[in-house]
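Notes to accompany the following structure.
Order of the sequence lines sets the chain letters (A, B, ...), proteins ahead of strands, with each chain counted from 1.
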Amino acid sequence: MAGRKVRVLLAKPGLDGHDRGAKVVAHALREAGMEVIYTGLHQTVASIVNQAMQEDVDVIGLSIMSGAHIPICQKLTALIKEEKMDDKLLLVGGVIPNQDMPRLQEMGIKGVFPGGAKFDEIVQFIREHSPR
Amino acid sequence: MGVATYIKDDKDAIKEVVLQSGIKVKPVYTPEDLERIGFDYHKDLGDAGEFPFTRSLHPMGYRSRNWTTRQYTGFGTPEETNERFKLMISHGQTGLNVAFDLPTQMGYDSDHPMAEGEVGRVGMAVDSLRDFEMAFKDIALDRIGSGLTINAVASVMLAMYQAVAEKFGYDRSKISATPQNDILKEIVGRGAWIYPVEPAVRLIGDTIEYAMKVLPRCNPVSICGYHIRESGCTPAQEISYAFMIAFAYIDNVIARGYRAEDFVGRFSFNLNIYGNLWETVAKFRAARKLWARLLRERYGVQDKKALFLRGIFGGGGSGMTKQQPENNIMRGAYYALAAALSGAQTTALCSFDEAYTIPTERAALLSLRTFQILMDEIGLRDTVDPLAGSYFIETLTKEMEEKILEEMEKVEKVGGMVEAVSSGFVQREVARQAFEYEKKLQKGEVIKVGVNQYTEGVDMEVELHAYNEAWARLQIDRLKELKRSRSEAAVGRTLKDLEKAAQKKENVMPFLVECCNAYATVGEMADMFRAVFGEYVEPNIF
């Protein structure tokens, strides 16, 4: 499948409705030549994993502003393992305090991009780490 | 965020300044500029307190009445919030602005699976009237007005506010609540929507109609350009979208057989302050003027007070930065200055720690002091509209007015705001603006101190407002206890009546008050609406 574009699912889990960041990143990744699917608001982890499977994406990026990133990411990584989707590149962005980064990485979230992260940085990270 | 684009030459002199709304600023303004724009004192400005109210709503401005300070407050359980309310009032705050947690905003009780981890986090948790009884204990509801920052279930919260006031023995005609109650902006900008557009707008119409008859001092809707601006639109778009949204609600009530004149005076606005000071001041002056003029032209409103653009102008959270958080204290002070120079009636400021967390007590009090210094120490109450007559400000106000009208025209062209939101037109435009702005920020074409300029050095540890897991457990235990002690028959009966009213397109407000009095929960009332109305599905804008 040479030449196929990197496919990214951007997702907003939980009740938080602030999705400016998610939409801005969606624009930037698309401009960098990736295919981007945005889930919209108020998603459960189960529905995110299901959409990732349906859409056969390479990357799953969560945008979390509510402070609930640790429990949400725990749920996500557990379900990803269960569904044998370990090849997906997992990213999280939003309001993420520095001290939580090692814990997220231990769980298997490869890239953590708190507010203010540069587009180039995210794009390059995906290019380097994406399975495709 | 929200600052102008500066184009400089190789000697660092500024060649061009373009404000976010697309207006270019000249290096010098003279009387010729006023001639060029056809400036006419009576038509464009008028005396203070006179049509078109560009200068202010009241002839004596802040001399006759200081502005209301209404810091956004609420977290944890209703008692925690009640304590913070009382603390802020004891320090001179003159109104309340109630923050609700996300489950409450989304119509879920604290024990709902979707509420997990969210109870009491970004506002207080409210499940039933019992929570309002604790939250408003010992607050003089006939003297202190309350903003209720809630939208999808605003009708429920307004009913609950009436129920609690009556329970405490207040005359309902004396209480003043301002539920935000602006669902179209939730769909565009903040995401706490539940029901599809049409029934959601109908619920707002119900609250307006009900307030007209039963709650004369309540402002049943606070049109919230603020959040659309936070989502990325320009200042001119903020006003144009807010006005187009207001027209959608006005049209709903007119279709019920009322005249705009009879209710539009109780509309309130919630508008945003950050970024360029001049653009902000011009925005508010232009907005006051345009609102009065458009109400006259579109709806034939004549009553002077019904033409007032009343509202809360708040220091925007997006202006605050996570980097070098103490800089936010200065930003807050300048935003408060912008509010004062704009003739704000009511203000709130985001606190300096809000890029991290909901405000700590220390940060919230610092914001309150910021206003108090301006009003009591610096001289902002001395005279009305001190910038009036400035060649620059008057030119900019006029140009801003034109930009707002241009943006309104674009929405009219796609069929008005309900259509523009249903199809995702506005959401797409807002997302595009946010992206364009972010690109400029990352390229350094707009400057944000501590973010893309002067990034070294100054840093601090922010004391975080602690989230207490025990709040959620306590709230859920109380909910269980409530369900054991209330009369299930009364709850069942009042919910059934509500369902019938919702189906028959009767005004749901009296039925909601009965549900609240019977201690039906927010989740039960919201679920009843969900069953009748269904849920909103977002248009795919990507």
Side-chain angles (χ1 to χ4, degrees), chain A residues 8-32 34-47 51 63-75 94-100 114-123, chain B residues 1 101-106 108 112-118 121-122 151-152 186-187 189-194 227 230-232 317-318 321-323 355-358 427-428 430-439 441-443 448 450-452 462 464 467 535-542:
Chain A
V8 183
L9 183 78
L10 283 181
K12 280 290 296 182
L15 296 181
D16 168 50
H18 296 90
D19 61 352
R20 176 181 178 145
K23 286 172 174 169
V24 161
V25 170
H27 268 290
L29 297 185
R30 185 162 294 167
E31 211 170 76
M34 300 177 192
E35 280 183 38
V36 182
I37 300 136
Y38 173 50
T39 61
L41 296 170
H42 314 154
Q43 302 293 309
T44 61
V45 167
S47 88
Q51 288 177 74
S63 165
I64 306 171
M65 315 285 281
S66 66
H69 44 277
I70 299 274
I72 290 172
C73 289
Q74 269 166 345
K75 269 192 203 164
V95 180
I96 316 285
N98 293 341
Q99 65 264 30
D100 288 347
K118 295 249 174 11
F119 293 154
D120 293 347
E121 215 179 297
I122 305 173
V123 168
Chain B
M1 162 136 343
D101 70 3
L102 283 169
T104 308
Q105 292 185 45
M106 295 293 296
Y108 295 122
H112 193 282
M114 286 296 278
E116 201 189 319
E118 296 284 2
R121 193 181 278 276
V122 297
N151 296 279
E186 281 298 328
I187 291 173
R190 195 163 150 270
W193 35 256
I194 306 177
H227 285 119
E230 291 285 298
S231 294
S318 292
T321 63
K322 196 176 166 207
Q323 297 89 339
Y356 289 83
T357 171
I358 60 172
Q427 294 91 312
R428 214 170 279 124
V430 172
R432 186 185 67 80
Q433 288 289 355
F435 178 56
E436 294 303 324
Y437 177 79
E438 188 61 34
K439 269 204 293 196
L441 192 70
Q442 295 198 3
K443 281 194 218 147
K448 192 81 186 169
V451 174
N452 64 4
V462 171
L464 295 182
Y467 176 69
E535 291 190 64
Y536 176 67
V537 180
E538 284 181 273
N540 188 353
I541 69 158
F542 284 101

Between B:Met106 and chain A, which part of the residue has a heavy atom less than 4.5 Å away: side chain, backbone, both or neither?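 Just the side chain, heavy atoms under 4.5 Å.
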What part of B:Glu186 lies closer than 4.5 angstrom to a heavy atom of chain A: side chain, backbone, both or neither?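 For B:Glu186, no heavy atom lies under 4.5 Å from chain A.
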Sub-3.5 Å donor-acceptor pair from the side chain of B:Asn452 to the main-chain atoms of B:Leu441, do we have one?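 A pair under 3.5 Å: yes.
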Any donor-acceptor N/O pair, A:Gln43 side chain to A:Lys12 backbone, under 3.5 Å: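 No, A:Gln43 side chain to A:Lys12 backbone: no donor-acceptor pair under 3.5 Å.
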What closest approach, in Å, do A:Tyr38 and A:Asp19 show between heavy atoms, and which atom pair accounts for it?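 Minimum heavy-atom separation between A:Tyr38 and A:Asp19: OH-OD2, 2.7 Å.
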Mind ranking [options] by heavy-atom pairs under 4.5 Å with chain B and telling me who comes out on top?
options                             : answer
A:His42, A:Lys118, A:His18          : A:His42
A:Ser66, A:Pro71, A:Pro114, A:Ala68 : A:Ser66
A:Gly14, A:Gly67, A:Gly116, A:Gly17 : A:Gly17

Heavy-atom pairs under 4.5 Å with chain A - which of B:Ala192, B:Ser231, B:Pro103 has more of them than the others?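 When all of B:Ala192, B:Ser231, B:Pro103 are compared, B:Ser231 has the most.
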Looking at B:Gly117, B:Ala115, B:Ala434, which makes the most heavy-atom pairs under 4.5 Å with chain A?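 Max contact count across the listed options: B:Ala434.
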Under 4.0 Å between a Lys/Arg side-chain N and an Asp/Glu carboxylate O for B:Glu230 and B:Arg190?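 A salt bridge is absent here (no side-chain N lies under 4.0 Å from a carboxylate O).
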Determine whether more than 12 heavy atoms belonging to other residues, nucleotides or ligands lie under 6.0 Å from atom CD of A:Gln51.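 Yes, because the 6.0 Å sphere around CD of A:Gln51 holds more than 12 heavy atoms from other groups.
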Intermediate values then yes/no, side-chain contact (heavy atoms from CB on, under 4.5 Å), A:Glu31 and B:Lys439: CA-CA 11 Å; A:Glu31 211 170 76; B:Lys439 269 204 293 196; 3.2 Å; yes
Evaluate B:Glu438 against A:Arg20 for salt bridge (charged side-chain N to carboxylate O under 4.0 Å, His left out), listing each step before the verdict. CA-CA 10 Å; B:Glu438 188 61 34; A:Arg20 176 181 178 145; 5.5 Å; no
Contacting moiety of A:Ala22, where chain B heavy atoms sit under 4.5 Å: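 It is neither, since no heavy atom gets under 4.5 Å.
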Sort A:Ile70 into side chain, backbone, both or neither according to what part of it lies under 4.5 angstrom from a heavy atom of chain B.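 No part of A:Ile70 comes within 4.5 Å of chain B.
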